[in-house]
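What follows is one structure encoded as structure tokens, with my remarks underneath.
Quick note: numbers below take in every heavy atom, side chains included, and nothing from hydrogens, waters or symmetry partners.
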Amino acid sequence: MISVQEATTIIQNHLGNFETETIPLSECVGRVLREDILADMPFPSFDRVMMDGIAINSEGWNSGVRTFPIQEMQPAGVPKVSLNNKHHCIEVMTGAVLPDHTDVVIPYEEIDIKNHEATISLASVTAWKNIHRTSSDRQMSDLLLSQNIMISPAEIATLAAVGKSEVIVLKQPKVAVISTGDELVEVNETPASHQIRKSNSYALKASLEEMKISASLIHLPDERQEVIDQLSTLTAKYDVIILSGGVSKGKKDHIPEALEMVGVEKHFHRVKQRPGKPFWFGTKGNTTIFALPGNPVATFLCFYRYVKPWLMASMKVNNTANQPMALLTADYEFTAPLTYFLQVNTSHKDGMLLATPIAGKGSGDFTNLNQADGFLELPESQSKFKAGEIYQYISFR
């Protein structure tokens, strides 16, 4: 067996190399940007009115004028008009271009309009007040977005503002999620007394979909030759294969042998951790294979501790947060010399993330995950863990 840290290093040393594609702006949320986005014009591109009211020339105010006849109106979205007399004003709407020969906007709240004249009630007026100046946000050709960020709705607004109707993004890897075992039946079937419904594969598929990665669901029976034949085909077809089950030492656990027989290079098998000790990892050309233990909690843990970070690193995402830390709220003891991943519920207090242990019934108790928010990674160098100590936290919510 190797340590959790050794397993992490090996996995991160075998990152995937995914291609790019161009997709419509409307489909970009959650995808990884693969081009730098530059301003195609100044932002804003004109002196923009920030409040509904009137626009005046400050020289008129400075000459003593306080009541300004209204020349006309400047709505948003229409060409710029021009003030003809410094002692007059133009009504303006928020978002409108600032009329020529004006340099101050006075909001309606500070004026009184009667008989088509606006009287200003302010004691003083400052030039360029309530005006969003041209290029005050960004200059032409400024870098607005750097590639390798995950696109959120905020980035969508920027992409739209620069006219990117189509965007270059990272092409999502082609992923197969493979369940194994003759005891598994489909979700819509009624299991016999010796069977259970498939759950791991659906949990894995859902976890991938949160990353905007689609996956094919495939099932392999506990028949050695069929496992070999199918894996030979699948390893040539997919970028990433995530298997669940069949990796321990049982007589029906054919996955490790079959993977090696179809030319997959094994990088490790078995990690000093609980849950998830039988974890297997290997590569074949450009295909990466994660063979996870079949117990549901172990499958879940291995995905969030190893597979998801590998995917994020392979996609070169540079806006992911560092692994958070959490404070253990109760004493906990684990005697085996293994890294233990403790299911916890989290809360916040005084800016600190708190992790409260949740009792489960082992790695087969997947329903316990419904009460948990994530796992606290307890190092193998200890057996007793005290309330108030801080450890690495792996979130799945």
Side-chain angles (χ1 to χ4, degrees), residues 24-29 33 35-147 149 151-168 319:
L25 175 64
S26 60
E27 300 174 10
C28 284
V29 172
L33 182 66
E35 59 176 318
D36 290 337
I37 302 299
L38 307 181
D40 66 336
M41 62 180 71
F43 281 85
S45 58
F46 55 85
D47 288 336
R48 186 174 66 86
V49 174
M50 296 176 64
M51 304 185 76
D52 295 334
I54 61 170
I56 66 170
N57 188 301
S58 59
E59 291 183 12
W61 170 273
N62 292 334
S63 69
V65 178
R66 297 296 179 267
T67 298
F68 295 80
I70 298 172
Q71 174 186 306
E72 58 185 302
M73 179 180 288
Q74 173 76 70
V78 302
K80 178 167 56 175
V81 300
S82 179
L83 183 68
N84 299 326
N85 187 322
K86 294 180 181 178
H87 295 169
H88 291 185
C89 69
I90 294 175
E91 277 194 88
V92 291
M93 303 294 108
T94 301
V97 61
L98 183 72
D100 276 337
H101 308 306
T102 67
D103 61 1
V104 183
V105 171
I106 312 297
Y108 281 129
E109 292 82 357
E110 305 295 344
I111 61 176
D112 181 40
I113 296 179
K114 290 181 180 178
N115 301 321
H116 212 61
E117 292 184 330
T119 300
I120 299 174
S121 58
L122 293 171
S124 63
V125 163
T126 303
W128 304 110
K129 182 77 170 176
N130 300 319
I131 298 166
H132 197 177
R133 298 301 306 276
T134 302
S135 73
S136 59
D137 293 342
R138 295 290 187 274
Q139 302 281 342
M140 175 83 169
S141 299
D142 275 358
L143 178 65
L144 302 182
L145 299 173
S146 297
Q147 60 180 300
I149 62 170
I151 299 172
S152 75
E155 285 74 41
I156 292 293
T158 299
L159 291 165
V162 299
K164 292 292 293 184
S165 60
E166 293 187 324
V167 184
I168 300 174
N319 62 344

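When atom types are taken as modelled, the side chain of His132 and the backbone of Met50 share no donor-acceptor pair closer than 3.5 angstrom. Here the side chain of Ser121 pairs a donor or acceptor atom with the backbone of Glu110 at under 3.5 angstrom. Here the side chain of Gln71 pairs a donor or acceptor atom with the backbone of Ser82 at under 3.5 angstrom. One N or O on the side chain of Asn85 and one on the backbone of His87 form a donor-acceptor pair closer than 3.5 Å. The main-chain N or O of Trp128 is never found under 3.5 Å from a side-chain atom of Asp103 such that the two would form a donor-acceptor pair. Put simply, the side chain of Gln74 never gets that close to the backbone of Ala96: no donor and acceptor are under 3.5 Å apart. Glu155 places a side-chain N or O within 3.5 Å of a backbone atom of Ser152 that can act as its donor or acceptor partner.
Heavy atoms only, all atoms of each residue included: Pro42 and Thr134 are closest at CB-CG2, 4.3 Å. Heavy-atom minimum distance, Leu33 versus Ile37: CD2-CG1, 4.0 Å.
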* To do: Evaluate the side chain to side chain contact (heavy atoms under 4.5 Å, CB included) criterion for residues Met51 and Tyr108: first the C-alpha distance (whole Å), next the side-chain angles of each, then the deciding distance (0.1 Å), finally the verdict.
  => CA-CA 8 Å; Met51 304 185 76; Tyr108 281 129; over 6 Å; no
* To do: Give the C-alpha distance, both sets of side-chain angles, the deciding distance and a yes or no for side chain to side chain contact (heavy atoms under 4.5 Å, CB included) between Ile56 and Ile120.
  => CA-CA 11 Å; Ile56 66 170; Ile120 299 174; 4.0 Å; yes
* Output, in order, the C-alpha distance, side-chain angles, deciding distance and verdict of side chain to side chain contact (heavy atoms under 4.5 Å, CB included) for Leu38 and Leu144. => CA-CA 5 Å; Leu38 307 181; Leu144 302 182; over 6 Å; no
* **Verdict with supporting geometry, Phe68 and Asn57, side chain to side chain contact (heavy atoms under 4.5 Å, CB included)** => CA-CA 10 Å; Phe68 295 80; Asn57 188 301; over 6 Å; no
Residues 156-168 side chain polar contacts: donor-acceptor under 3.5 Å, at least two apart:
{"residue": "Lys164", "atom": "NZ", "partner": "Glu35", "partner atom": "OE1", "Å": "3.1"}
{"residue": "Lys164", "atom": "NZ", "partner": "Glu35", "partner atom": "OE2", "Å": "3.2"}

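Rounded to the nearest 0.5 angstrom, Gln139 CD and Met41 CE are separated by 14.0 Å.
A 6.0 Å sphere centred on CZ of Arg48 holds more than 12 heavy atoms belonging to other residues, nucleotides or ligands.
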